[in-house]
Amino acid sequence: MSANVPDTMSVRLPTPVRLLERLSSATTSLWVKHDDQTDSEYGGNKVRKIGRLLDAARDRGCNKVVTLGAVGSHHVLTTGIFGKRAGIAVEAVLVQQPSTPHVLEVVRASVGQGVQVFPASSFLHAGLLALGRAARGAYYIPPGGSNSIGVLGFVDAAKELALQVQRGELPEPELIVVAMGSGGTAAGLVAGLAEQRLRTRVLAVTVSQPAFFVERSVRSLAKETATRLGVGPLSERLEQSRSYLGRGYGFATAEGDRATELAAQVGLTLDPTYTAKAFAAALDRVALGRERTVLYWHTLSSVPMARLLAEAPLEQALSPKVRRLAR
Ligand SMILES: *Cc1c(COP(=O)(O)O)cnc(C)c1O
């Protein structure tokens, strides 16, 4: 990004791939794509989308962006970090989600990066508030950064994977398993894999709601992206599963908790909202044994939060309005 960013704080691509031997079976090997390490300050999948989105804001002459999400949104934190690096102010409209220590750390870190928070009572209310901010000149970035611009970060990720396959770093996976929140990750991968002419299909594990809405918007974003890239039909490439959602967005599940324990044995730290549910699905696919190679796409930052939290207010110092969003 901008030239005055020290390279100790920077995007690190390609992210490594690794075989999880302990969790593989005789018929199916389980691999991980380490998007937890996309950046040295704060990793995760949102890093791949944010650079292009902030460039688009600047191209429009905006030095301010507005986005929205749940209170523990990794996308909002990523936007805050990269906005600060790029000298772009970040406003975020946030809605309630079940409180966990991780959710509270993420919102603290966002405020610490200078993100200005506008609490909303529902996603509908949040949309209206965000439109209001956009009308005052802030560039609008949708939830999760998932639009026709952000999605291109995952078209690039598919290309990155294709090169790793070509270089023999991993076998061509039959299936990628990834969490689906706002859907840009899955949609970009599906279109990008088609562009790369890989046979790889994507199992997108629904973790957010309304499920039918997310599932439909991912299909249309994938299709729109493929059309822009000039690649053929995607019908067989995208599989979606609601079986891991449990009570809903942000609520832990028993399968997710079990997956979290198994992941710890191979050095992966999961969160209950996204990655625990996706990893549970990946383990089930290994058990089914239909594919020879399953690639779990690890989307949660593994960079320690200590440095970000050192710049952040204590939980008690957050405004009561913000604290009420995590309960
Ligand atoms: C946002 C997020 C996802 C989902 O990505 P989308 O592109 O919004 O579908 C998955 N895992 C983690 C950890 C995330 O923060």
Side-chain angles (χ1 to χ4, degrees), residues 15 32-39 42-50 52-53 67-82 92 97 100 102-103 105-107 109-110 123 141-158 176-192 202-211 213-222 225 238 240-242 244-245 249-250 252 256 259-260 263 268-282 296-303 305:
T15 58
V32 58
K33 174 75 169 154
H34 273 294
D35 265 17
D36 53 310
Q37 300 168 18
T38 46
D39 182 87
Y42 185 71
N45 62 331
K46 303 307 185 302
V47 168
R48 291 191 188 267
K49 308 180 193 176
I50 198 63
R52 276 193 178 81
L53 291 163
T67 192
L68 58 164
V71 63
S73 167
H74 301 129
H75 158 68
V76 167
L77 176 55
T78 306
T79 307
I81 292 167
F82 283 75
Q97 85 179 85
T100 67
H102 177 70
V103 163
E105 284 189 355
V106 172
V107 67
S110 297
F123 250 105
I141 297 178
S146 290
N147 61 12
S148 60
I149 300 170
V151 75
L152 296 175
F154 276 91
V155 171
D156 286 351
I176 289 174
V177 181
V178 69
M180 176 171 63
S182 61
T185 301
L189 283 174
V190 164
V202 174
L203 170 59
V205 180
T206 304
V207 304
S208 65
Q209 292 159 299
F213 175 78
V214 183
E215 288 161 7
R216 197 175 54 195
S217 47
V218 174
R219 286 194 298 269
S220 68
L221 187 55
T225 308
L238 177 62
Q240 295 173 317
S241 173
R242 276 182 214 186
Y244 300 88
L245 180 60
Y249 180 79
T260 301
L268 297 175
T269 303
L270 308 184
D271 73 299
T273 303
Y274 294 98
T275 51
K277 290 172 182 177
F279 200 67
Y296 160 69
W297 204 285
H298 191 32
T299 47
L300 177 72
S301 175
S302 61
V303 181
M305 298 269 292

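Note that ligands are numbered from 1 as they come in the structure, with each ligand's atoms numbered from 1 the same way.
- Between N45 and ligand 1, at least one N/O pair is under 3.5 Å apart.
- The protein heavy atom nearest to atom 8 (O) of ligand 1 is S182 OG, 2.5 Å.
- Looking only at atom types and distance, the side chain of T299 has no donor-acceptor partner in the side chain of N45 under 3.5 Å away.
- Considering only heavy atoms from C-beta on, V207 stays 4.5 Å or farther from Y244 through its side chain.
- Polar contact check, L300 against ligand 1: no nitrogen or oxygen pair lies under 3.5 Å apart.
- Ring-plane geometry between H102 and H74 is classed as tilted, the angle between the planes lying from 30 to 60 degrees on a 0 to 90 degree scale.
- Within the 4.5 Å cutoff, the side chain of V71 has heavy atoms near those of the V103 side chain.
- Under a 4.0 Å criterion applied to the non-hydrogen atoms of T185, ligand 1 contributes the atoms 5 (O), 6 (P), 7 (O).
- Which parts of ligand 1 touch M180 is read off a 4.0 Å heavy-atom cut-off, strictly below it: atoms 9 (O).
- To the nearest 0.5 Å, the span separating CD1 on I50 from NE2 on H75 amounts to 5.5 Å.
- Closest to atom 11 (N) of ligand 1 among all protein heavy atoms lies T299 OG1, 2.6 Å.
- Set against the non-hydrogen atoms of H74, the atoms of ligand 1 under 4.0 Å away are 13 (C), 14 (C), 15 (O).
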**OP:** Would you sort out whether Q240 and T206 count as a side chain to side chain donor-acceptor pair (under 3.5 Å), showing the intermediate values?
**Re:** CA-CA 7 Å; Q240 295 173 317; T206 304; over 6 Å; no
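- Looking only at heavy atoms of the protein, atom 2 (C) of ligand 1 is closest to K46 NZ, 2.3 Å.
- Side chains of R219 and V190 form no contact here, defined as non-hydrogen atoms less than 4.5 Å apart.
- Residue contacts with ligand 1: Y274 is placed with no nitrogen or oxygen under 3.5 Å of a nitrogen or oxygen of the ligand (distance criterion only).
- Each of the following atoms of ligand 1 lies closer than 4.0 Å to a heavy atom of K49: 6 (P), 7 (O), 8 (O).
- Assignment of H75 to the shell around ligand 1 is not supported, since no heavy atom sits closer than 4.0 Å.
- Residue contacts with ligand 1: G144 is placed with no nitrogen or oxygen under 3.5 Å of a nitrogen or oxygen of the ligand (distance criterion only).
- In this structure, A186 does not count as a contact residue of ligand 1, since none of its heavy atoms falls inside 4.0 Å of the ligand.
- Taking the six-membered ring where tryptophan is involved, the planes of F279 and Y296 are perpendicular, since the angle between them exceeds 60° and thus also 30°.
- Checking side-chain atoms of T67 against main-chain N and O of I141 turns up a donor-acceptor pair under 3.5 Å.
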